[in-house]
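Data block below; observations after.
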Number of protein chains: 2
Amino acid sequence: MRVPRANSREKILAAAADVAREAGPGSLSLEAVASRAGVSKGGLLYNFPTKAKLMQGLVESYLNDFQKALETRATEAGHESVLSAYIKLSADDCERPKPSASWMFSAIAEDPDFLTPIKAFKRQLFERLKGETDDLGSLLVCFLAIEGMRSMNLFDSDVLSEDERKLLVSSLLKIAG
Amino acid sequence: MRVPRANSREKILAAAADVAREAGPGSLSLEAVASRAGVSKGGLLYNFPTKAKLMQGLVESYLNDFQKALETRATEAGHESVLSAYIKLSADDCERPKPSASWMFSAIAEDPDFLTPIKAFKRQLFERLKGETDDLGSLLVCFLAIEGMRSMNLFDSDVLSEDERKLLVSSLLKIAG
DNA sequence: TTTACTGTACCGGCTGGACGGTCTTGTCAA
DNA sequence: TTGACAAGACCGTCCAGCCGGTACAGTAAA
């Protein structure tokens, strides 16, 4: 009963993210991921020889998707600044019911070093934003507020209401100019 | 509240936080904590009958300490607003080399519900701040930026430099008024 | 077109080791 | 002596990674 031979990798990645979100990072076993992906454990291990490799795959695909989405918004959406694009992208991400990065806790549990590429990515993004403005203070506030929003989303925090988040985003866009 | 030969509880709590920070949440075993605390596994289990209880202890003592620190700053430091006190307290927390809450990942891995009291605490704090200002937009930006700062600290992110963080804090204090 | 061979994709039982929690025994302060 | 508490051996469970198998596709000589 094997047909979709090629895209197992992506199915597995998606399954891993789902399991991590729904069952919590403590319950992210290879078996759970495999069964969720409709794949046997052996099949999973074929695609990702190690749990660490699976986490690495999650990190990489996340960073890729994010980069692509940001680029799309920054270029195609007219004369927007990158910062505005980043704000809106993050707002949309947080709007969605499923936190897109809740697998991160599992990755950290596996090995804290998986954060390194993410940190590097963020630093790079920040540098890029720095080149776009001359008010470093405002940029810092915006950048960190977005970080806060993403972090709350990550922690599945319903601390802020819908309206509050909208007000926040519009305030940020105003600061961003 | 009986006084034991030594105050093992606090030693154990501190040890658990240390192990979680240094070895990563995936390596927070009871044995590791016990050995770090200079206590046997049996002794640990005597104080915290279960790993979940240990995590709960971490959450509670963290929230207690935080509340106390905030109150101290807000009252004794003159006519400061609570928001300013919160900003400064968070800045100081992030200044310290050891993230004070890196155990949180371990708690989440054990059971995501451990976040609930923390979320409630934050919401409560936010409500309190809301009563203090009439500019909700600015408050949101400040509050979330602090959240972002704390989250970066939590993830042990050296994304921001020393100077950038200082500039951020002063910008926040300016917004807070 | 058949057969034989090779490589790819996937399966699922197994195991060694680690971990959480229990239990028995030891110890020290009052 | 007694009982609160610490010690660490021990046990059951769980899981990552391994391994021997299966199914199928492509190739190519016969």
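A, B, ... follow the sequence lines: proteins, then strands. Residue 1 opens every chain. The structure presented is a predicted model; accordingly, all values stated were derived computationally and were not measured.
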Discussion item. When you measure from the side-chain N and O atoms of A/Lys41 to the phosphate of C/dG12, is any distance below 4.0 Å, counting only OP1 and OP2?
Written reply: no
Worksheet item: Given atom CG of A/Leu45 and atom C1' of D/dG20, what is their separation to the nearest angstrom?
Response: 14 Å
Worksheet item: Rounding to a whole Å, what distance do you find between B/Leu44:CG and C/dT22:P?
Response: 13 Å
Item to complete: Check whether any side-chain N or O of A/Ser29 sits under 4.0 Å from OP1 or OP2 of D/dC14, and answer yes or no.
Response: no
Worksheet entry | Rounded distance in Å - CZ (B/Phe48) to P (C/dG20) | 15 Å
Worksheet entry | Salt-bridge present (A/Arg128, A/Glu71; N to O < 4.0 Å) | yes
Worksheet item: So, is B/Ser40 near the phosphate of D/dA7, with a side-chain N or O under 4.0 Å from OP1 or OP2?
Response: yes
Worksheet item: Quick one: is A/Ser8 getting a side-chain N or O under 4.0 Å of the C/dA9 phosphate, OP1 or OP2?
Response: no
Fill in: Side-chain N,O (A/Tyr46) to OP1/OP2 (C/dC10) below 4.0 Å
no
Worksheet item: Whole-Å distance between D/dA16 C1' and A/Lys53 NZ?
Response: 16 Å
Worksheet item: Parallel, tilted or perpendicular: which fits the ring planes of A/Phe66 and A/Tyr86, with parallel below 30° and perpendicular above 60°?
Response: perpendicular
Worksheet item: Nearest-Å distance, CG (B/Asp111) to P (C/dG20)?
Response: 15 Å
Practice prompt. Could you state the atom-to-atom distance from CG of A/Asn7 to P of C/dA9 in whole Å?
Written response: 12 Å
Discussion item. Can you list everything that forms a salt bridge (charged side-chain N to carboxylate O under 4.0 Å, His left out) with A/Glu60? Sequence neighbours excluded, please.
Written reply: none
Worksheet item: With a 4.0 Å cut-off, would you call A/Arg73 and A/Glu76 a salt bridge?
Response: no
Discussion item. What is the distance, to the nearest angstrom, from the CG atom on B/Leu54 to the P atom on C/dC19?
Written reply: 15 Å
Worksheet item: More 5' along DNA chain D: A/Ser27 or A/Gly42, using each one's nearest nucleotide?
Response: A/Ser27
Fill in: Rounded distance in Å - CG (A/Leu28) to P (D/dA16)
8 Å
Practice prompt. Can you label the angle between the B/Phe105 ring and the A/Phe105 ring as parallel, tilted or perpendicular, going by 30° and 60°?
Written response: tilted
Discussion item. Please determine whether a side-chain nitrogen or oxygen atom of A/Asn47 lies at a distance below 4.0 Å from atom OP1 or OP2 of C/dC10.
Written reply: yes
